[in-house]
Amino acid sequence: MANNLATAIIGTGFMGPVHTEALRRLGVQVYGILGSSPEKSRRAAETLGFAKAYSDYNEVLSDKAIQVIHITTPNRFHFEQASQALKAGKHVLCEKPLAMTTQESSALVDLATQCEVAAGVNYNIRYYPLNIEARSRILTGELGAINSIYGSYVQDWLLYPTDYNWRVLAEEGGTLRAVADIGTHWLDLVQTITGLEVASVCANLKTVHPIRQRPEGEIETFSGQVRDIETTESVEIQTDDSGAVLLRFKGGAHRFSVGLSGYLGTQKLPPL
Ligand SMILES: NC(=O)c1ccc[n+]([C@@H]2O[C@H](COP(=O)([O-])OP(=O)(O)OC[C@H]3O[C@@H](n4cnc5c(N)ncnc54)[C@H](O)[C@@H]3O)[C@@H](O)[C@H]2O)c1
């Protein structure tokens with residue numbers, strides 16, 4: 001079946017080529033690509049070997065050859081692009097975080113439930129072999145009762161005030177940054193491994209660099225471009241560079257810890 005699903009990739013930055021490669025390894029037909037301009041679509045199609053370069057999103061939506069849309073654009077586009085794709089009857093895989101707010105995410109979940117298509121968010125880390133192994137050990141009871149769990153997700157990208165990407169602006173990536181961008185992977189992982197759901201949170205968020213230097217033009221993720229300080233402007237930052245989150249899980253024990261951490265009881269796990 002996978003081979004018959006023609007897919008369009010939306011976004012030509014860091015994750016667009018990652019999805020393309022992953023789909024090809026699975027034997028899925030990656031047919032067309034859309035960038036932020038017709039020229040970017042054309043260049044990406046050429047570099048990545050796509051048959052079709054789209055000029056705009058409507059062209060993707062109305063393309064009957066396409067059954068699946070993978071959304072790898074910056075967060076602020078997810079809600080609109082995923083909603084339109086679902087309404088157009090396309091299967092959707094959207095990058096995390098699903099949307100900019102919980103209201104938007106919830107509306108998308110409702111819409112996906114009503115539409116007769118498959119819809120998912122790309123929480124890839126839960127599928128790494130060691131994580132599947134950890135989940136399986138909990139499922140079989142090998143680990144015994146789990147009373148607490150803690151961990152962290154650190155990344156040195158965006159470490160300096162001269163580092164810049166669309167994610168640092170609330171209007172581009174959402175008001176939460178470190179927690180919504182990488183902490184969200186940790187939260188998904190822990191909930192998947194244990195089968196428990198977060199019931200409440202207490203968080204301390206910190207903006208380490210309240211002013212960053214924005215270079216002219218677009219900086220794609222991990223592009224490693226060296227920037228000339230002369231061509232930047234100072235921008236005020238309100239999103240979090242780091243966060244410590246204390247979690248209580250449904251049915252979990254109430255304990256205390258520091259870091260991106262949670263406290264768990266054990267329960268039967270649902271399928272992955
Ligand atoms: N699952 C993961 O491990 C993982 C890792 C990195 C990023 N992400 C997610 O992927 C998404 C993209 O992140 P990225 O790091 O690839 O960003 P990026 O900036 O490198 O790439 C985004 C691309 O989208 C293009 N774009 C912008 N507006 C567009 C539009 N309207 N139509 C088509 N293309 C448009 C940009 O030109 C850019 O090329 C984000 O939501 C991010 O959270 C997920």
Side-chain angles (χ1 to χ4, degrees), residues 7-23 30 32-48 50 52-63 66 69-85 88 90 92-101 104-105 108 120-128 131 153-158 163-189 192 214-225 227 239-240:
T7 303
I9 305 282
I10 315 302
T12 56
F14 173 53
M15 286 312 278
V18 171
H19 281 239
T20 305
E21 170 72 15
L23 288 167
V30 276
I33 190 156
L34 175 71
S36 54
S37 67
E39 174 53 20
K40 284 188 85 172
S41 302
R42 199 191 52 72
R43 260 189 285 137
E46 224 172 79
T47 316
L48 299 168
F50 281 81
K52 174 86 183 164
Y54 295 101
S55 311
D56 60 40
Y57 196 52
N58 283 329
E59 200 189 345
V60 184
L61 295 173
S62 58
D63 189 345
I66 293 297
I69 294 182
H70 278 231
I71 299 170
T72 73
T73 48
N75 306 351
R76 78 187 159 101
F77 297 104
H78 292 183
F79 178 71
E80 207 46 48
Q81 290 178 339
S83 303
Q84 289 180 358
K90 312 288 188 192
V92 176
L93 185 70
C94 184
E95 263 304 342
K96 43 54 62 178
L98 181 55
M100 297 278 274
T101 64
E104 281 184 358
S105 298
L108 276 177
V121 188
N122 188 35
Y123 282 107
N124 45 305
I125 294 177
R126 62 161 79 172
Y127 295 108
Y128 294 177
N131 296 331
Y153 193 142
V154 288
Q155 194 171 258
D156 65 357
W157 184 60
L158 299 178
D163 292 334
Y164 186 85
N165 178 264
W166 54 262
R167 286 167 173 78
V168 302
L169 296 181
E171 60 270 29
E172 301 262 340
T175 48
L176 265 185
R177 177 166 33 104
V179 171
D181 194 42
I182 53 178
T184 187
H185 275 300
W186 190 93
L187 288 163
D188 175 68
L189 183 58
T192 304
R214 172 162 59 189
E216 282 175 13
E218 189 180 28
I219 299 295
E220 285 174 351
T221 307
F222 302 131
S223 62
Q225 292 173 19
R227 290 184 290 289
T239 54
D240 49 304

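Order of listing sets the numbers, starting from 1, for every ligand and every atom in it. One-based numbering along the sequence shown. No experiment lies behind these values; they were computed from the predicted model shown.
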- CA sep, side-chain torsions, deciding dist, call: Asn165, Trp157, side chain to side chain contact (heavy atoms under 4.5 Å, CB included): CA-CA 10 Å; Asn165 178 264; Trp157 184 60; 3.5 Å; yes

- Does Asn165 reach ligand 1 with a nitrogen or oxygen that is under 3.5 Å from one of the ligand's nitrogen or oxygen atoms? no

- Message: Can you tell me if Pro97 contacts ligand 1 (heavy atom of the residue under 4.0 Å from the ligand)?
- Response: yes

- Task: Out of Asp56, Ile9, Thr73, indicate the one that has the non-hydrogen atom closest to atom 35 (C) of ligand 1.
- Result: Thr73

- Are Asn75 and Met100 close enough that some pair of their side-chain heavy atoms sits under 4.5 Å apart? yes

- Message: Taking 4.0 angstrom as the limit and counting only heavy atoms of Asn122, give me the atoms of ligand 1 inside it, by number and element.
- Response: 1 (N)

- Note on the structure: Any heavy atom of Tyr57 under 4.0 Å from ligand 1? The part involved is neither

- Item | Check: Tyr123 and Thr192 side chains under 4.5 Å, non-hydrogen atoms | no

- Query: Under 3.5 Å between some N or O of ligand 1 and some N or O of Gly13?
  - Reply: yes

- Query: So between Ala99, Ser36, Ala180, Pro17, whose heavy atom ends up nearest atom 26 (N) of ligand 1?
  - Reply: Ser36

- Query: Numbering the atoms of ligand 1 from 1, which are under 4.0 Å from a heavy atom of Ile10?
  - Reply: 33 (C)

- Tell me which one of His78, Gln81, Glu95 gets a heavy atom nearest to atom 30 (C) of ligand 1. Gln81

- Exercise: do Asn58 and Tyr54 side chains pair donor with acceptor under 3.5 Å: no

- Message: Using the rule given for side chain to side chain contact (heavy atoms under 4.5 Å, CB included), can you reason through Lys52 versus Ile66, listing the C-alpha separation, both sets of side-chain angles and the distance that settles it, and then say yes or no?
- Response: CA-CA 11 Å; Lys52 174 86 183 164; Ile66 293 297; over 6 Å; no

- Query: Does any non-hydrogen side-chain atom of His185 lie less than 4.5 Å from one of Asn124?
  - Reply: yes

- Would you say Pro74 has any N or O atom under 3.5 Å from an N or O of ligand 1, going by distance alone? no

- Message: Any salt bridge linking Arg42 with Glu39? Criterion: basic side-chain nitrogen under 4.0 Å from a carboxylate oxygen.
- Response: yes

- Within a strict 4.5 Å, meaning less than it, do heavy atoms of the Asp240 and Arg177 side chains meet? yes

- Message: We want to know whether Glu104 and His78 form a side-chain donor-acceptor pair, criterion being a heavy-atom distance below 3.5 angstrom.
- Response: no

- Message: Closer than 4.0 Å to some heavy atom of Leu34 - which atoms of ligand 1 meet that?
- Response: 33 (C), 34 (N)

- Query: Which atoms of ligand 1 are found less than 4.0 Å from any heavy atom of Asp181?
  - Reply: 43 (O)

- Task: Output the list of atoms in ligand 1 that are nearer than 4.0 Å to some heavy atom of Lys96, sorted by atom number.
- Result: 1 (N), 8 (N), 9 (C), 40 (C), 41 (O), 42 (C), 43 (O), 44 (C)

- Which of the atoms in ligand 1, numbered in the order shown and given with their element, are less than 4.0 Å from a heavy-atom of Asn124? 1 (N), 2 (C), 3 (O)

- Evaluation steps, side chain to side chain contact (heavy atoms under 4.5 Å, CB included), between Trp166 and Thr73: CA-CA 11 Å; Trp166 54 262; Thr73 48; over 6 Å; no

- Taking only heavy atoms of Arg167, which atoms of ligand 1 are found under 4.0 Å from at least one of them? 6 (C), 7 (C), 13 (O), 14 (P), 15 (O), 42 (C)

- Go through ligand 1 atom by atom and flag the ones less than 4.0 Å from a non-hydrogen atom of Trp166. 13 (O), 17 (O), 18 (P), 19 (O), 40 (C)

